[in-house]
Amino acid sequence: MTDASTLESMSPELMKVVERAQREPEGRFHSLAHLIDEPALLRAYHRVRKDGAVGVDGVTKEQYGQRLQENLENLHARLKAKQYRHQPIRRVHIPKDNGKTRPIGISAFEDRVVQDAIREVLQAIYEQDFLDCSHGFRPGRSAHDAIRALDRVVHRGEVNWVLEADIVSYFDSLDRTELMKLIQIRVADGSLLRLIGKCLHVGVLDGVDYTEPEKGTIQGSGLSPLLGNIYLHYVLDLWFEREVKPRLSGKATLIRYADDRAPRRRERKANMAN
């Protein structure tokens, strides 16, 4: 459920999406792309961090903002005409504690604006769908909330076993085809689906090497956490609630979380490495 602070920042049009998503949990949305208008792009611009690492174009938020109205008008015109093209992702490798590295994708600034505008629209729908067990990368929720949820279950005496599982390289291995099928359960707007596809099927520039991965969603993309949550909502959360729990003789609780601070921390490291 969307929290109060998020609702306060929404446009009236997005509030209508929230209300319909709550009212029609099985409904499909056929008209969403028009919500990514100039005011939506402006909101997205203000949400993008000003100290983020630069993408392949080398443009900072400050530079983009020097001709902000002109840039947003031009971007909106390209989006409406279906002429928008996502620039390649710049990949950097961040050292991990175990001596290995973690690949992080850095989007061009304008692409971050588009990603965030898409996220705002999708979040208006899916925050009404997500189950209480989901704590990672959601507004008003964190890994600390997941710990508190586990603590409540333990203190109620409902726990005999705790099984902890980690999804390794989740963002890198996510099945894009299946993800798009899952999104279409709620989203029937072809224009928005194509735009999401542009953010998924994007090339990666790693030094001088250019590749076009066939799976995964780039770590570092502002849209990736929400897309990852949508996927797990269907294949894990609903599966556990509808298929697993009814077959058990006792109680069972799923608590899913992520290190919400990781993307920002990694981006800071990437920025320092530039």
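Everything quoted here is computed from the prediction, not taken from an experiment.
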Next on the checklist: What verdict does the side-chain contact (heavy atoms from CB on, under 4.5 Å) test give for D129 and I230, after you've listed the backbone C-alpha separation in whole Å, the side-chain angles of each residue and the deciding distance to 0.1 Å?
Outcome noted: CA-CA 9 Å; D129 294 354; I230 293 171; over 6 Å; no

Next on the checklist: side-chain contact (heavy atoms from CB on, under 4.5 Å), that's the test. Do H86 and S107 meet it? Break it down for me.
Outcome noted: CA-CA 9 Å; H86 197 296; S107 300; 4.2 Å; yes

Checklist entry - For D189 and H34, what are the C-alpha separation, side-chain angles and deciding distance, and is it a side chain to side chain donor-acceptor pair (under 3.5 Å)? => result CA-CA 10 Å; D189 185 328; H34 72 282; 5.6 Å; no

Next on the checklist: I'd like to know whether K16 forms a salt bridge (Lys or Arg N to Asp or Glu O under 4.0 Å) with E19, so could you lay out the CA-CA distance, the side-chain angles of the two residues, the decisive distance to 0.1 Å, and finally the verdict.
Outcome noted: CA-CA 5 Å; K16 292 179 182 178; E19 292 165 359; over 6 Å; no

Checklist entry - Is there a side-chain contact (heavy atoms from CB on, under 4.5 Å) between D175 and Y231 once you walk through the steps? => result CA-CA 9 Å; D175 188 318; Y231 192 92; 4.0 Å; yes

Checklist entry - side chain to side chain donor-acceptor pair (under 3.5 Å) between E158 and T253: does it pass, once the steps are laid out? => result CA-CA 9 Å; E158 299 176 359; T253 302; 4.6 Å; no

Item to check | Residue pair R148, D151: steps toward the salt bridge (Lys or Arg N to Asp or Glu O under 4.0 Å) verdict | outcome: CA-CA 5 Å; R148 282 189 282 268; D151 188 63; over 6 Å; no

Next on the checklist: For D132 and R141: C-alpha separation, side-chain torsions, deciding distance, then whether salt bridge (Lys or Arg N to Asp or Glu O under 4.0 Å) applies.
Outcome noted: CA-CA 10 Å; D132 285 340; R141 293 189 172 219; 3.2 Å; yes

Next on the checklist: Applying side-chain contact (heavy atoms from CB on, under 4.5 Å) to T217 and R176, what does each step give before you reach the verdict?
Outcome noted: CA-CA 8 Å; T217 177; R176 296 174 181 172; 6.0 Å; no

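With hydrophobic clusters built from ILVMFWY side chains whose heavy atoms lie under 4.5 angstrom apart, M10 shares a cluster with I36. Residues F240 and V235 fall within the same hydrophobic cluster, defined by Ile, Leu, Val, Met, Phe, Trp and Tyr side chains chained together at heavy-atom separations under 4.5 Å. In the hydrophobic clustering of ILVMFWY residues, with side-chain heavy atoms under 4.5 Å counting as a link, V202 and I106 come out apart. Hydrophobic clustering (side-chain heavy atoms under 4.5 Å, transitive across Ile, Leu, Val, Met, Phe, Trp, Tyr) groups L236 together with L179. Cluster membership check: L150 does not share its hydrophobic cluster with I167, using side-chain heavy-atom separations under 4.5 Å among Ile, Leu, Val, Met, Phe, Trp and Tyr.
Counting all heavy atoms, side chain and backbone alike, L193 lies closest to M180 at O-CE, 3.6 Å. In plain terms, the two heavy atoms of C133 and L254 that are nearest each other are CB-O, 2.9 Å. Across all non-hydrogen atoms, the minimal contact from V168 to S173 is O-OG, 4.2 Å. Across all non-hydrogen atoms, the minimal contact from E212 to G203 is CG-CA, 4.1 Å. In this structure, A21 and A124 approach most closely via the heavy-atom pair CB-O, 4.2 Å. Residue S224 comes nearest to F171 through the heavy atom pair O-CE2, 3.3 Å, listed as atom of the first residue, atom of the second, then distance.
Salt-bridge annotation for D116 and R119: present, with a side-chain N of the basic residue lying under 4.0 Å from a carboxylate O of the acidic one. Between E127 and R138, at least one side-chain N (NZ, or NE/NH1/NH2) sits under 4.0 Å from a carboxylate O, which counts as a salt bridge.
I196 is not listed as a side-chain neighbour of V187, based on a closest heavy-atom distance of 4.5 Å or more. The shortest distance between side-chain heavy atoms of T60 and F109 does not fall below 4.5 Å. Taking the side chain as every heavy atom from C-beta outward, H93 and D206 approach each other to under 4.5 Å. The side-chain heavy atoms of V121 and E13, taken from C-beta on, include no pair separated by under 4.5 Å. In this structure, the side chains of Y84 and V114 come closer than 4.5 Å at one or more pairs of heavy atoms. Side chains of Q87 and V59 form no contact here, defined as non-hydrogen atoms less than 4.5 Å apart. Taking 4.5 Å as the limit, some side-chain heavy atom of L122 sits within range of a side-chain heavy atom of L192. L232 places a side-chain heavy atom less than 4.5 Å from the side chain of Y170.
Put simply, CG on L174 and CD1 on I218 are 11.0 Å apart, with the number rounded to the nearest 0.5 Å. With rounding to the nearest 0.5 angstrom, the CG atom of L32 is 4.5 Å from the CD1 atom of I125. Rounding to the nearest 0.5 Å places NE2 of H233 at 8.0 Å from CD1 of I185. To the nearest 0.5 Å, atoms CG (L227) and OH (Y126) are separated by 9.0 Å. Remark: K215 NZ to D172 CG distance equals 8.5 Å, nearest 0.5 Å. Summarising the geometry, atom CG belonging to L72 is positioned 12.5 Å from atom CZ belonging to R67; distances are rounded to the nearest 0.5 Å.
Looking at R112, its side chain never comes within 3.5 Å of a backbone N or O of G222 through a donor-acceptor pair. In this structure, the side chain of T211 does not engage the main chain of P213 through any donor-acceptor pair within 3.5 Å. Put simply, the side chain of D145 gets close to the backbone of S142: a donor and an acceptor are under 3.5 Å apart. Here the side chain of N229 pairs a donor or acceptor atom with the backbone of G136 at under 3.5 angstrom. R28 contributes a side-chain N or O that, together with a main-chain N or O of Q184, makes up a donor-acceptor pair within less than 3.5 Å.
Contacts classified as salt bridge (Lys or Arg N to Asp or Glu O under 4.0 Å) and involving residues 72-81 (residues at least two apart or in different chains) are given here: R78-E110.
Seen from the ring of F29, R20 counts as a face-on cation partner, given the 6.0 Å and 45° thresholds. A cation-pi contact links K61 to Y45, judged by a cut-off of 6.0 Å to the six-membered ring centre and 45° from its axis.
Heavy atoms of other residues, nucleotides or ligands lying less than 6.0 angstrom from NE2 of H30 number more than 12. Within 6.0 Å of CD on Q66 lie more than 12 heavy atoms contributed by other residues, nucleotides or ligands.
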